[in-house]
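Not measured: the values here are computed from a predicted model.
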Amino acid sequence: MALAAEAFMTQLAAAEPWPENAALYQQLKDEQILLSDNASSLAVQAFLQMCNLPVRVVCRANAEYMSPSGKVPFIHVGNQVVSELGPIVQFVKAKGHSLSDGLDEVQKAEMKAYMELVNNMLLTAELYLQWCDDVTVEEKQWEIRRKMKAIGWAGKSLEQVLEDVDQCCQALSQRLGTQPYFFNKQCKGLTFQYRRLVPKIRPTELDALVFGHLFTILTTQLTSDELSEKVKNYSNLIAFCRRIEQQYFEGHDKDSSSSATSRSAKRSLLR
Amino acid sequence: MGTVHARSLEPLPMSGPDFGALGEEAELVEVEPEAKQEILENKDVVVQHVHFDGLGRTKDDIIMYEICDVFKAKNLIDVMKKSHEAREKLLRLGIFRQVEVLIDTCQGDDALPNGLDVTFEVTELRRLTGSYNTMVGNNEGSMVLGLKFPNLFGRAEKVTFQFSYGTKETSYGLSFFKPQPGNFERNFSVNLYKVTGQFPWSSLRETDRGVSTEFNFPIWKTNHTLKWEGVWRELGCLARTASFSVREESGHSLKSSLSHAMVIDSRNSSILPRRGALLKINQELAGYTGGDVSFLKEDFEFQLNKQLLWDSVFSASLWGGMLVPIGDKPSSIADRFYLGGPTSVRGFSMYSIGPQSEGDYLGGEAYWAGGLHLYTPLPFRPGRGGFGDLFRTHFFLNAGNLCNLNYGDGPRAHLQKLAEYIRWSYGAGIVLRLGNIARLELNYCFPMGVQSGDRICDGVQFGAGIRFL
């Protein structure tokens, strides 16, 4: 039944072009938003920017309850509401925009694997660190604890978590190497770079996801810097984040005051 | 001289909170004095003693208040009348299962020649009474368990607990009620509850967890209620296809409000009255005692009934209300008014009039609704004197409007807004009275003045409820 409903939704989605007034809903900024939610939201924004689809960011206190799946962020496009990066990628694909079309089956599987890695490791590490953080407000502590229990990470120690993060970053760093993006499939068109016309290389949703998480980790101020220190060990990851920020976010700083980069408290990374 | 027994008279209508169904028309039955006691009737008597048999945990002082009038009786008829009234008052307390009155001449050393003894024989209710029902609603079933502790501490306090477990939702409520000794109409109660509701007309699901305290007191002919209520409300979408306007209202909010209600009711019955009028005015102020929502809400209900020739009754009613949000936040969908349906403007679907978005009705901040009815007995009066008396035929004309007002404009603009796009309907049907509690209607309706967005139910419409326009 759910499959049929999804197929029907996809058909509906395909029917209309991307509207001008698409909106992305997330929680209010400052202390209200969890680290992991912030990262997810940034990942979706990066993805939509990469697809060249305009969206405005709306902050609401009840964004979590508005979402059909209970998770933020979600997008309101036409009269459809889709939440979380996975379904949003599917939805956008149904409208004819895709970043991973050029990949073959093996690469797609690999991409999915890396996305799972990021979701399992980085996301939960963000939750854990925020739980340990003294600055976190009481209400958020209770919510984080509930999420942690659901995943089963309450028993882990800080060292274990940091070790996991390190391994994850190592894997990502190795996969990235010296390339600009994780999957450098060449696509149609040429672009002018380094005074030459070179084939265009586009990022994929994996790049958006990794950017979202790493950027949030690097720029949000927690009581301890251990998490961001782990990530800073890998210079190619930092360069990757900087590159994506410059390419996809800096041009839009003027447009919206709620753009990704102006949100964080500490920005020691990129200056 | 022999014994006089007061015959158990028809109960007089009383409106205590725990008094069960009464006959619609109660008449005082006059006791015919027999020839032997004719002498007593005109003779002055003095009530010397009042005895109580059967008191257990009930404290004496509340009893004293209820029966003190008996001592003031001057002649026999007066004694019987006052004893009867005292019996009614005792039953109204809700602590006795049965009250019997016995009037006898005084015996003993200090007996006066015209002295009387009045004895009340009472049976107290058990300490704990329970009830169990099953209920079937819209595509769901539930079982309802009720527990009551009447007369908890001896002064007619009552604790009630009700628990409803259903296929879709669970609700419960605990309430403590205490009347003022000697003044049953003045009472206060504290309630704790959790209630879930599903509103398919708005694709909305609401869970309320709340606590409230209320004071009831009469002033002259009116009944007032002062209440404070604190509710934690959780709103959610009922279906994935809910409109975005309803989705935006999802989440938690806290409402803390003070309200006052005044009721003047001179009708002879609340279901299908024959005469009398009702006026109910209610105001609620939220936000000044805490909470997230801040508004001032006023609503009133007026009904007038007049008996006409040939056992028919003419009834007119008018309802209205206004919700003014205080501060910047817009009003919440859970606070707004709704209009339409078999208990409101007939001919329209349940709460399906007014502002809507993608088929979900959002309610409005101001409304008015009026109705004119003519109730007649069934044609040819089948089943007269028995079953047929529960039915009435019914001709109606209903009208109303629901909208959002722009509070910046003046009252003239508001009236104008409420007067444009009036929805109205007329029709006829049959009404069935269920005891003194509820009413069933089956009507044939012609809705008119339908605006785009309203959902109508023209033709046959069935309604069941307590409060009808």
Side-chain angles (χ1 to χ4, degrees), chain A residues 1-13 15-16 19-28 32-34 37 55-84 87-88 90-91 137-140 142-143 146, chain B residues 139 169 196-200 202-209 231-256 287 290-295 325 327-336 355-363 452-453:
Chain A
M1 187 63 201
L3 217 53
E6 214 167 295
F8 179 64
M9 287 265 294
T10 320
Q11 262 193 323
L12 271 182
E16 299 151 4
E20 284 298 316
N21 62 347
L24 178 138
Y25 287 83
Q26 63 170 40
Q27 284 138 321
L28 296 174
Q32 288 297 317
I33 196 164
L34 282 183
D37 290 339
V55 73
R56 66 191 162 94
V57 178
V58 180
C59 296
R60 287 283 173 90
N62 60 340
E64 215 177 347
Y65 307 108
M66 281 167 71
S67 161
S69 70
K71 296 211 167 63
V72 281
F74 66 91
I75 55 172
H76 180 217
V77 174
N79 51 0
Q80 306 245 305
V81 179
V82 191
S83 64
E84 296 182 80
I88 290 176
Q90 294 292 331
F91 178 76
V137 197
E138 261 314 306
E139 308 108 38
K140 288 286 137 186
W142 171 81
E143 206 181 312
R146 191 168 44 103
Chain B
N139 298 331
E169 58 224 19
T196 349
Q198 296 197 343
F199 310 117
S202 305
S203 297
L204 187 73
R205 191 169 27 97
E206 181 177 346
T207 304
D208 284 351
R209 295 170 180 86
V231 191
W232 164 23
R233 287 194 299 217
E234 188 185 334
L235 295 170
C237 297
L238 200 55
R240 222 182 173 289
T241 50
S243 70
F244 201 71
S245 319
V246 171
R247 204 173 266 288
E248 278 183 314
E249 306 255 10
S250 315
H252 298 258
S253 67
L254 192 64
K255 177 181 93 156
S256 162
D292 303 326
V293 284
S294 200
F295 60 77
D328 306 325
K329 273 169 90 175
S331 55
S332 164
I333 196 172
D335 296 319
R336 292 195 277 258
Q356 53 96 22
S357 158
E358 295 167 43
D360 292 334
Y361 292 89
L362 307 173
S452 71

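- Interface remark: of the candidates B/Gly251, B/Ser250, B/Ser253, B/Ser250 forms the most heavy-atom pairs closer than 4.5 Å to chain A.
- Taking OH of A/Tyr25 as the reference point, atom CZ of B/Arg247 lies at 11.0 Å (rounded to 0.5 Å).
- Of residues 62-72 of chain A, those residues lying under 4.5 Å from chain B by any heavy-atom pair are A/Asn62, A/Tyr65, A/Met66, A/Ser67, A/Pro68.
- By the side chain to side chain donor-acceptor pair (under 3.5 Å) test, B/Ser245 is found to be paired with B/Ser357, residues two or more places apart in sequence or in another chain being considered.
- Using a 4.5 Å cut-off between heavy atoms, B/Glu234 makes no contact with chain A at all.
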